[in-house]
Participant: 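The structure that follows is given in the form of C-alpha cells.
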Amino acid sequence: MMAGLLLALVGGLLEVCSGVSANRGGYPSFTDEIPFKITWPGAEFTLPTSGALYSEEDFVILTTTEKEKYKCLLPSLTAGEEEYGGPSPGELLESLFKRSSCSYRVRLFCFHLIFLHTETETKISVQEYFLGNMAQKNQAEKTDSVPTKNIEGQLTPYYSVEMGNGTPCLLKQDQPRSTAVLYVCHPEAKHEILSVAEVTTCEYEVVVLTPLLCAHPKYRFKSSPVNAIFCQALAGSPLRPQRLAQLDKEQEEQLKPPFGGVGWWKYEFCYGRHVHQYHEDKEQGKNIVVVGNWNADEHLDWAKKNVARSLQLREDGVQKVKLVSHFYGHGDVCDLTGKPRQVIVKLKCKESESPHAVTVYMLEPQTCQYVLGVESPVICRILDTADEYGLLSLSS
C-alpha cells in the first residue's frame with residue numbers, strides 16, 4: 001500500500017501538471033510492487049550514496065498549472081548491485097540439509113505434514129502424506145536471475161528447492177506428490193516454516209525462513225523498499241507546488257486517528273480491538289466491513305508459527321524493536337472465498353521530520369487476507385515493550 005500512497009500523491013501531481021518533459025530513454029512502467037516516494041529538497045541538496053543510484057542526466061521536468069517548474073531526479077532500479085563472490089545459495093543452505101536433527105517439521109530428505117487427524121473414544125488415527133523427497137530432484141544453481149514472490153505484501157527474493165517422489169496422489173492417477181520449498185532470507189529466523197499451500201492438486205509450496213541466505217546480497221530482505229524521487233524547484237518556483245501544499249494542509253485538518261486510507265475505502269484501526277474498512281456516503285450513510293477482530297489466544301497461536309517481532313541493531317550497538325506484527329481474525333465473511341476476513345497489522349517505528357506523522361496503508365496480498373501497516377515515530381518507544389510474541393506493554 002506504500003505504492004498506493006505514492007499513487008495518491010502522483011494523482012495529485014497529475015492534477016496540477018500541464019506538461020512533462022523527459023531527458024531519458026525507456027523506463028519500466030510503475031507498478032505496485034516498486035513503491036516510490038516524492039520528496040521536495042531545497043537547493044542545498046546532496047544525492048544519497050547508498051541504495052538506488054541517481055544520475056544528473058536522468059530526470060523529468062514537471063510543470064504545474066501555475067507555471068511552477070521542477071526538475072525531478074529518478075532512481076535507477078537496476079544499477080549498482082553489490083558484487084558477490086561468496087558461496088552459492090545452495091552452498092549456503094548445505095549445512096541445513098546435512099543436519100541430523102531438525103525442528104519446525106523440516107527433515108533431512110522430506111517434508112512431513114499431517115493432513116488428516118481423527119480422534120475416537122478408543123484410539124487416535126493419524127494419516128500421513130510425504131509431500132516430497134529432496135533426494136529425488138533439486139534446482140540447479142541460478143544466481144544471475146533471482147525469482148521473487150509477494151510474501152505478506154512485500155516482493156521477496158527466494159531460493160527454490162524442488163522435491164518429488166512423494167506419496168502417490170489418487171486424484172492424479174497415483175502420480176507422486178511434489179513440493180517447491182522456497183527459502184527466504186530472514187536474519188532472526190530459526191529455519192521455521194512460514195506457510196504451506198497446495199497450489200494445484202497434490203503440488204505444494206512451502207515457504208521457509210532462514211538466516212543462512214542473508215549472506216548473499218541478492219537474497220537479502222530489502223529493509224527500505226521505497227525509492228525516492230527528488231524534485232527540486234527551478235528558478236522562480238516555490239519549494240513545493242502551492243496546490244500540493246494546500247492539499248496537505250486540508251488533509252491534516254481532516255485526519256483524525258486512528259483512521260487512514262485514501263480513495264473510496266478508508267480504514268479504522270483500534271489496537272487490541274478491531275480493524276474496520278469503511279466508506280461514508282451522504283445518502284446511504286456509513287458502510288463498514290469488519291476486516292478482523294482481536295483475540296489474544298489466536299494471536300499467540302499465530303505468533304508461534306510466524307515472526308511477530310523484528311529487531312534492529314543501531315550504530316551505537318543498542319538493539320531496538322523495529323516492527324511488530326499482530327493477527328486479527330474472524331472478520332466479515334468474504335463473498336469470494338466463503339471464509340472470514342483476516343488481517344496482519346504491522347506496527348513499525350519510522351523516523352520522520354514530523355514527530356507526530358502517521359502513515360496508514362493496507363495491502364491485500366491474497367483475496368480477503370490483508371496487511372495493515374501503521375508507521376510512525378510516535379510508536380517507537382511503545383514497540384520496545386514488545387515481548388517475543390509481539391505483545392505490547394501499555395500500562396500507561
Side-chain angles (χ1 to χ4, degrees), residues 33-34 50-53 76-113 130-166 176-200 203-225 227 305-307 310-313 322-323 365:
E33 296 175 344
I34 305 178
S50 60
L53 298 182
S76 172
L77 304 182
T78 57
E81 291 187 351
E82 179 181 342
E83 293 185 4
Y84 177 74
S88 67
E91 291 171 339
L92 291 172
L93 294 172
E94 189 174 355
S95 61
L96 178 62
F97 301 144
K98 290 183 177 180
R99 288 188 175 187
S100 59
S101 61
C102 304
S103 60
Y104 296 95
R105 300 177 184 169
V106 182
R107 294 188 176 182
L108 183 58
F109 290 116
C110 65
F111 269 81
H112 173 212
L113 185 66
F130 288 88
L131 305 187
N133 186 323
M134 196 177 73
Q136 172 69 16
K137 55 180 179 178
N138 201 344
Q139 174 176 307
E141 295 293 335
K142 296 180 181 178
T143 57
D144 292 337
S145 178
V146 178
T148 58
K149 178 180 176 63
N150 192 321
I151 298 178
E152 293 190 351
Q154 173 123 3
L155 203 62
T156 306
Y158 65 86
Y159 177 75
S160 178
V161 174
E162 300 292 334
M163 297 188 179
N165 200 28
R177 287 173 166 82
S178 62
T179 298
V181 184
L182 311 185
Y183 288 93
V184 173
C185 157
H186 196 292
E188 300 171 23
K190 299 179 180 178
H191 318 297
E192 62 262 36
I193 294 176
L194 175 66
S195 63
V196 178
E198 186 174 10
V199 292
T200 60
E203 294 184 8
Y204 308 90
E205 182 182 88
V206 179
V207 178
V208 179
L209 304 178
T210 175
L212 299 178
L213 272 182
C214 300
H216 198 302
K218 290 187 177 181
Y219 292 88
R220 289 174 191 159
F221 190 81
K222 304 298 186 298
S223 59
S224 180
N227 298 274
K305 305 172 186 176
N306 298 273
V307 179
S310 297
L311 303 176
Q312 181 184 46
L313 187 64
K322 184 68 175 178
L323 173 76

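Since this is a predicted model, take the numbers as computed values, not measurements.
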Participant: Donor-acceptor pair, distance only, cut-off 3.5 Å: does the side chain of E91 make one with the backbone of S88?
Facilitator: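 Checked: pair present.
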Participant: Can you find a pair of side-chain heavy atoms, one from T148 and one from T156, that are under 4.5 Å apart?
Facilitator: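 Not in contact.
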Participant: Are any of the side-chain heavy atoms of L311 and K322 separated by less than 4.5 Å?
Facilitator: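 In short, these two side chains do not touch, never coming nearer than 4.5 Å.
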Participant: Taking all non-hydrogen atoms of both residues, which atom of H186 and which atom of C214 are closest, and how far apart?
Facilitator: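 Looks like N-SG, 3.4 Å.
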Participant: Taking all atoms of both residues into account, what is the closest heavy-atom pair of V206 and I193, and its distance?
Facilitator: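 That closest heavy-atom pairing would be CG1-CG2, 3.8 Å.
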Participant: Heavy atoms, side chains only, cut-off 4.5 Å: are V199 and Y204 in contact?
Facilitator: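 Not in contact.
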Participant: Output the distance between atom NE2 (H216) and atom CG (L213), rounded to the nearest 0.5 Å.
Facilitator: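 If we round to the nearest 0.5 Å, H216:NE2 and L213:CG are 8.5 Å apart.
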Participant: List the steps, then state whether side chain to side chain contact (heavy atoms under 4.5 Å, CB included) holds for V184 with V208.
Facilitator: CA-CA 6 Å; V184 173; V208 179; over 6 Å; no
Participant: How far apart are the closest heavy atoms of P176 and G166, and which atoms are they?
Facilitator: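 Looks like CB-O, 3.5 Å.
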Participant: Step by step, would you call L212 with E94 a side chain to side chain contact (heavy atoms under 4.5 Å, CB included)?
Facilitator: CA-CA 9 Å; L212 299 178; E94 189 174 355; over 6 Å; no
Participant: Out of curiosity, C185 SG to L92 CG, how far, rounded to the nearest 0.5 Å?
Facilitator: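 If we round to the nearest 0.5 Å, C185:SG and L92:CG are 10.5 Å apart.
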Participant: Between R177 and E198, does at least one N-O distance fall below 4.0 Å, as a salt bridge requires?
Facilitator: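 Salt bridge absent between R177 and E198.
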Participant: Has the side chain of T179 got a donor or acceptor atom that lies under 3.5 Å from a matching backbone atom of L131?
Facilitator: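 Here the side-chain-to-backbone pair exists.
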Participant: Within this structure, what is the OG-CD distance for the pair S160 and E205, rounded to the nearest 0.5 Å?
Facilitator: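 Between atom OG of S160 and atom CD of E205 there are 8.0 Å.
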Participant: Aromatic rings Y159 and Y219: how do their planes relate, parallel, tilted or perpendicular, breaks at 30° and 60°?
Facilitator: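 Ring orientation of Y159 relative to Y219: perpendicular.
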